[in-house]
Amino acid sequence: MTEIFNKHSEKEKRQHLRKHMPNAEIVLWQKICRRQIAGAKFRRQYGIDRFVVDFYCPSLRLVIEIDGPTHQSSEAQTYDQVRQEFIESLGIEFLRFTNSEVYQNLDAVLQIIHQKVLSLQGKK
C-alpha cells in the first residue's frame, strides 16, 4: 500500500515546522490541542502525501490551515489552490483562516471550527 500520511521522507520537514510554528499557529494550537474542540484530536504539522498541513484531525478528515503573509502572492495562492484540491480529492475537508482572523477574531475562528467538527461528527 502506498504511504500517504506522514511519509518517513518528510519527517525532518514536519519536525522543523513544528519547532518553528508562526505565532498565529501557536495561538490556535493552544485552543484546539488536547481535544478542546468537541473532543476532536488534532495533530499539528501533519503530512498528507508530499504536503504538510498546519493541523489535521484524522478521525474527521479535517484540515485547518492558517495563512500568513507568504500566502498572498499569486504564485502562493495558485500553489495553495492546487494543494487544497489534491487534499480534498482524498475526501479531506478544509478550513482556511488568515493570521489576521486568528489574532483579531479568535472566538469566531474557534466557533467555525467547532461547528465544522460537530457537523462532521454528525456524519459518522
Side-chain angles (χ1 to χ4, degrees):
M1 180 176 163
T2 304
E3 185 178 356
I4 294 177
F5 297 101
N6 280 338
K7 288 184 173 187
H8 184 71
S9 62
E10 303 294 320
K11 184 176 181 177
E12 286 183 30
K13 179 180 180 182
R14 292 190 310 273
Q15 288 174 332
H16 175 79
L17 290 170
R18 275 193 290 276
K19 289 178 184 175
H20 299 93
M21 288 173 63
N23 287 335
E25 289 180 23
I26 293 169
V27 167
L28 185 60
W29 178 243
Q30 291 172 343
K31 299 295 184 182
I32 67 173
C33 67
R34 296 183 308 275
R35 301 179 187 266
Q36 294 179 74
I37 304 289
K41 182 175 179 86
F42 284 91
R43 301 190 181 277
R44 61 191 172 123
Q45 306 306 332
Y46 196 83
I48 301 175
D49 196 60
R50 65 189 179 276
F51 304 110
V52 178
V53 298
D54 295 334
F55 306 106
Y56 181 61
C57 179
S59 65
L60 299 176
R61 300 180 63 80
L62 174 63
V63 165
I64 301 173
E65 281 288 297
I66 309 300
D67 292 343
T70 60
H71 294 265
Q72 293 177 352
S73 73
S74 61
E75 296 86 11
Q77 289 177 357
T78 300
Y79 173 82
D80 284 345
Q81 184 64 35
V82 168
R83 179 176 170 259
Q84 182 171 338
E85 287 173 3
F86 171 78
I87 292 171
E88 287 176 332
S89 76
L90 300 172
I92 297 170
E93 297 205 31
F94 243 83
L95 288 177
R96 187 178 291 279
F97 303 99
T98 64
N99 283 2
S100 297
E101 289 174 305
V102 171
Y103 292 138
Q104 297 169 7
N105 207 350
L106 181 59
D107 289 339
V109 168
L110 293 172
Q111 183 62 31
I112 291 167
I113 295 169
H114 189 259
Q115 289 172 346
K116 180 58 113 175
V117 166
L118 291 178
S119 167
L120 293 172
Q121 286 173 336
K123 292 180 181 179
K124 288 176 91 179

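Residue Tyr79 is grouped with residue Phe86 when hydrophobic side chains (ILVMFWY) are merged at heavy-atom distances under 4.5 angstrom, including chains of intermediate members. Hydrophobic clustering of Ile, Leu, Val, Met, Phe, Trp and Tyr side chains at less than 4.5 Å, counting indirect connections, keeps Leu17 apart from Met21. Grouping the Ile, Leu, Val, Met, Phe, Trp and Tyr side chains by contacts below 4.5 angstrom, directly or via other members, places Phe51 with Tyr56.
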task: Please test His114 against Leu110 for side chain to side chain contact (heavy atoms under 4.5 Å, CB included), starting from the C-alpha separation and ending with a verdict.
output: CA-CA 6 Å; His114 189 259; Leu110 293 172; over 6 Å; no
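Taken to the nearest 0.5 Å, the CD1 atom of Ile87 stands 11.0 Å off from the CD1 atom of Ile4. Atoms SG and CD1, on Cys33 and Ile26 in that order, are 12.0 Å from each other to the nearest 0.5 Å. A distance of 7.0 Å separates CD in Glu101 from CD1 in Ile112, rounded to the nearest 0.5 Å. Taking CZ of Phe97 as the start and CZ of Phe55 as the end, the distance is 11.0 Å to the nearest 0.5 Å. Note that the CD atom of Gln121 and the CG atom of Leu62 stand 10.5 Å from one another [nearest 0.5 Å]. Glu10 CD to Asp49 CG: the interatomic distance, rounded to the nearest 0.5 Å, is 8.5 Å.
By the 4.5 Å heavy-atom criterion applied to side chains, Arg61 and Leu90 are counted as neighbours. When side chains are defined from C-beta on, Trp29 counts as touching Ile32, because their heavy atoms get closer than 4.5 Å. Between Ile64 and Lys116 the shortest side-chain heavy-atom distance does not fall below 4.5 Å.
A distance-only check finds no donor-acceptor pair linking the side chain of Asn99 to the backbone of Ala24 [under 3.5 Å]. Remark: the backbone N or O of Val52 is paired with a side-chain donor or acceptor of Arg83 at under 3.5 angstrom. With hydrogens and angles disregarded, a donor-acceptor distance shorter than 3.5 Å links the side chain of Thr78 to the backbone of Ser74.
The side-chain hydrogen bond (donor to acceptor under 3.5 Å, both in side chains) check on Gln36 picks up nothing, with sequence neighbours excluded. Remark: Asn6 engages Arg14 in a side-chain hydrogen bond (donor to acceptor under 3.5 Å, both in side chains) (not counting sequence neighbours). Judged as a ring-ring contact (aromatic ring centres under 6.0 Å, His included), and not counting sequence neighbours, His8 has no contacts. The ring-ring contact (aromatic ring centres under 6.0 Å, His included) search around Phe94 returns none, not counting sequence neighbours. Contacts of Glu85 classified as side-chain hydrogen bond (donor to acceptor under 3.5 Å, both in side chains), with partners at least two apart in sequence or in another chain: Gln81.
The two residues Leu28 and Val102 come nearest to each other via the heavy atoms N-CG1, 4.5 Å. Heavy-atom minimum distance, Phe5 versus Ile92: CE2-CD1, 4.1 Å. Between Asp54 and Glu65, the shortest heavy-atom contact is N-OE2, 2.6 Å.
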Tabulate below the donor-acceptor pairs under 3.5 Å that side-chain atoms of residues 38-48 make, not counting sequence neighbours, or state none.
{"unit_1": "Arg44", "atom_1": "NH1", "unit_2": "Arg18", "atom_2": "O", "d": "3.4"}
{"unit_1": "Gln45", "atom_1": "NE2", "unit_2": "Glu25", "atom_2": "OE1", "d": "2.8"}

